[in-house]
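The block underneath contains the structure these notes are about, expressed in structure tokens.
Every chain is numbered from 1 and lettered A, B, ... according to where its sequence line falls, protein lines coming before strand lines. A quick note: this is a predicted structure, and the numbers were derived from the prediction, not measured.
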There are 2 protein chains.
Amino acid sequence: MSTNKRSSTLSEIAKIAEVSVMTASRALNNQPGVSEEKRAEILRIAEDMGYVANRVAQRLSGGKSRVIGVIAQLHTLYTSDLVLGIGSALRSSKYEMLVYSLSDTDSQPPQAIVSLLRQFVDGIIVILPFQSDYLISLSDADLPIVTIDEGSHDNFPKIVADNYQGARLAIQHLADLGHRRIGFISGNNQLASARDRERAFRDMQAQLGLDDDPELVVNGNFLQQGGFNAAKELLKLPVRPTAIFAANDISAAGAMSAIRDGGLTVPEDISLVGFDDVAVASQIYPALTTVKQPSAQMARAAVNTIVAMIAGIEPATAVIMLPTELVVRDSSRPMGEVVEMPFSKGSRKKSTTTVA
Amino acid sequence: MSTNKRSSTLSEIAKIAEVSVMTASRALNNQPGVSEEKRAEILRIAEDMGYVANRVAQRLSGGKSRVIGVIAQLHTLYTSDLVLGIGSALRSSKYEMLVYSLSDTDSQPPQAIVSLLRQFVDGIIVILPFQSDYLISLSDADLPIVTIDEGSHDNFPKIVADNYQGARLAIQHLADLGHRRIGFISGNNQLASARDRERAFRDMQAQLGLDDDPELVVNGNFLQQGGFNAAKELLKLPVRPTAIFAANDISAAGAMSAIRDGGLTVPEDISLVGFDDVAVASQIYPALTTVKQPSAQMARAAVNTIVAMIAGIEPATAVIMLPTELVVRDSSRPMGEVVEMPFSKGSRKKSTTTVA
DNA sequence: ATGAATAACGTTAGCGTTAACGTTATTTTG
DNA sequence: CAAAATAACGTTAACGCTAACGTTATTCAT
């Protein structure tokens, strides 16, 4: 009820309840060894005084802090989505989340923060898609660690999306629409996800007999600007692709700008498909066809796994792979087909005469 | 050098150095009372054993944890920008940052996290633009708190951008371009920033004698979808506005989609100006004219202030207001003027015919 | 030379909590 | 009914660190 100035301590409560600190501790932690009446009274007093256990002391005393650390680069939308997801998945548990935001220039977190986290939290969820050496320095810790999207060799449970399958879906979709000359804007190949998506692209090229000039693959590094530049390159080709698959939504957005900047239109002149399904994908115009990463499920899986590990239960599988899903919106269209724009009234955009 | 399994403790180091724990502590904390030779040796040993001070213990022992807590809603781009800015501003200091991400449904952080933070960190930077009651519960703490963008009554130092002036600049810009019928997509009026921007709009309407039909103001709630809907409303007006000022970039982006969806073009048919200058503002097409929030400076100011407060120095002013700045890009254009699209090469910036 | 100041340490205690034993009544069991 | 088991507590120590005193030698002023 009353929000006290300084948060009260266990011993204060114990004093008022006229019991030892230990009894108070037991009562509050729901442990045996306290009669029901005393427990009730202690709980009442604690409530009354607005007692909150000091996690710092709890942790130092060898206990748990009930805090889960998240290491992430907040810069990319997709990562933010995941962090948010973890937060809401955690909200139904008794854990809190504290995020360490890695600078975009750092490829690995400073040693300091790693040990800080190690000291304070009960478990760490790492969302760095790097092959990160520093993880090795964590591996010998007793601290549970779960990794999301981490591609490399390691000994932690790993939550990943099925990037390969997702990319295949995207290409299949474009092929189904009649596109045979598809450009690919690749991602940061340091990341396993980028490599998987590119591998899928090349496999599908072969499998479906698509055009496979090497110039059809341009790196966009998962960045807006990278996507812009890459698309510019693709548009400069002697024979222009009729569709572009970008390895993530951000570079797809960049590509869209580049296409417009070149006087062409999506999807009339060029179909465009992204990957991730970040929030803006549905919000840009035209809404982006993309492959949806199951970020909410991934977050939930990560949370479940780490909570289990904290409880001492080792995860059944080292890798949990979640399926991806194609989301068809307005940026992809059958080749050569002239459809009216999905406008409310009658707005005429240039109808495309597709160039061979 | 050697990365030890379990991080070593002070007493281990002291034992090896054959000194007391206290001497080791003094040496490592750069405090007097240790001879230079011993200090050097202790430092060497500590380095050698990969010693890292246990912040949890430091903090519990009444010391500082050298950690700054940040409470923010990571959902909005602008907030993320600020958090990132705080992170990089902190990187040059000896503090680390831990972020608590508030759920978008919560308007206030759970009591638990507040006390958790209070227990562990040396200071808190709050980036909630709410009039948040919970801040009051913090106010009696001994913990330094700095607020960014918080509009309400409170007793903490506050870092804000000059929203009023910024919005005036935006309107003035549109007026200079000849627009006299300007629609306004307002923000979430719970936020002081939104109120300031709307006030500026109305003041300028009066001051410049612009059209001031009440229908020219539609709420967009700072959201993409809200901006979309609001713009739809504005376009439905019997006499359409020739320019739209959105209270933030996100709703401007929504408005842009709506305008396109209505078969019109930015900036040919409608000039559009946003607010914030989040990263995507320059990345959407056409690049958005907007008012730049000095988020990097704000972050730096917040960090400097909190660090000073932790050191016991009360800030000189309760409110630090940083100037905003108009960034003219491609989404605004003189009324009625027909300019070629600013494609690849020669994008000429509009020459302004200033109207009284 | 002698008391006082100083430098360089060491000791004790405590931050708030819990684990691991003690202790004391009360109940159960053979 | 005595011995053993149990329940309901209390005590002690420890987590890793630092603040606040002590202690000892060395230097300094008079």
**Request:** Return the value, rounded to whole Å, for the distance between atom NZ of K64(A) and atom C1' of dT17(C).
**Result:** 15 Å
**Fill in**
For R59(B), the salt bridge (charged side-chain N to carboxylate O under 4.0 Å, His left out) test, sequence neighbours excluded, returns D122(B)
**Complete:** Rounded to whole Å, the CD-P distance (E12(B) to dC17(D)) equals 9 Å
**Request:** Rounded to the nearest angstrom, tell me the gap between atom CZ in R59(B) and atom C1' in dT18(D).
**Result:** 13 Å
**Complete:** Between V83(B) and the options I148(B), V99(B), I125(B), the side chain to side chain contact (heavy atoms under 4.5 Å, CB included) test singles out V99(B)
**Request:** With sequence neighbours excluded, give me every side chain to side chain donor-acceptor pair (under 3.5 Å) pair touching residues 307-316 of chain B.
**Result:** none
**Prompt:** Of all of residues 20-42 of chain B, which get a heavy atom below 4.0 angstrom from DNA chain C, listed by number?
**Reply:** S20(B), M22(B), T23(B), R26(B), G33(B), V34(B), S35(B), K38(B)
**Request:** Could you check E18(B) against S61(B) and say which one's nearest nucleotide on DNA chain C is further toward the 5' end?
**Result:** E18(B)
**Item:** Rounded interatomic separation in angstrom, taking CG from N54(B) and P from dG16(C)
**Value:** 17 Å
**Item:** Whole-Å gap separating C1' (dC15(C)) and CG (L10(B))
**Value:** 16 Å
**Request:** Take the protein atom CZ of R55(B) and the nucleotide atom C1' of dC15(C), then report the distance between them rounded to whole Å.
**Result:** 18 Å
**Item:** Whole angstrom value for the distance that separates P of dT18(D) from CG of D122(B)
**Value:** 13 Å
**Residues which pass ring pair (Phe, Tyr, Trp, His ring centres under 6.0 Å) with F120(B), listed by chain and number, not counting sequence neighbours** = F120(A)
**salt bridge (charged side-chain N to carboxylate O under 4.0 Å, His left out) partners for R300(A), two or more places apart** = none
**Request:** Measure from NZ on K15(A) to C1' on dC9(D) and round the result to the nearest Å.
**Result:** 19 Å
**Partners passing salt bridge (charged side-chain N to carboxylate O under 4.0 Å, His left out) against R39(A) (at least two apart in sequence or in another chain)** = E36(A)
**Asked** Which part of the nucleic acid, if any, lies within contact of V19(A), taking any heavy atom under 4.0 Å across all strands shown: a base, the sugar-phosphate backbone alone, or nothing?
**Response** sugar-phosphate
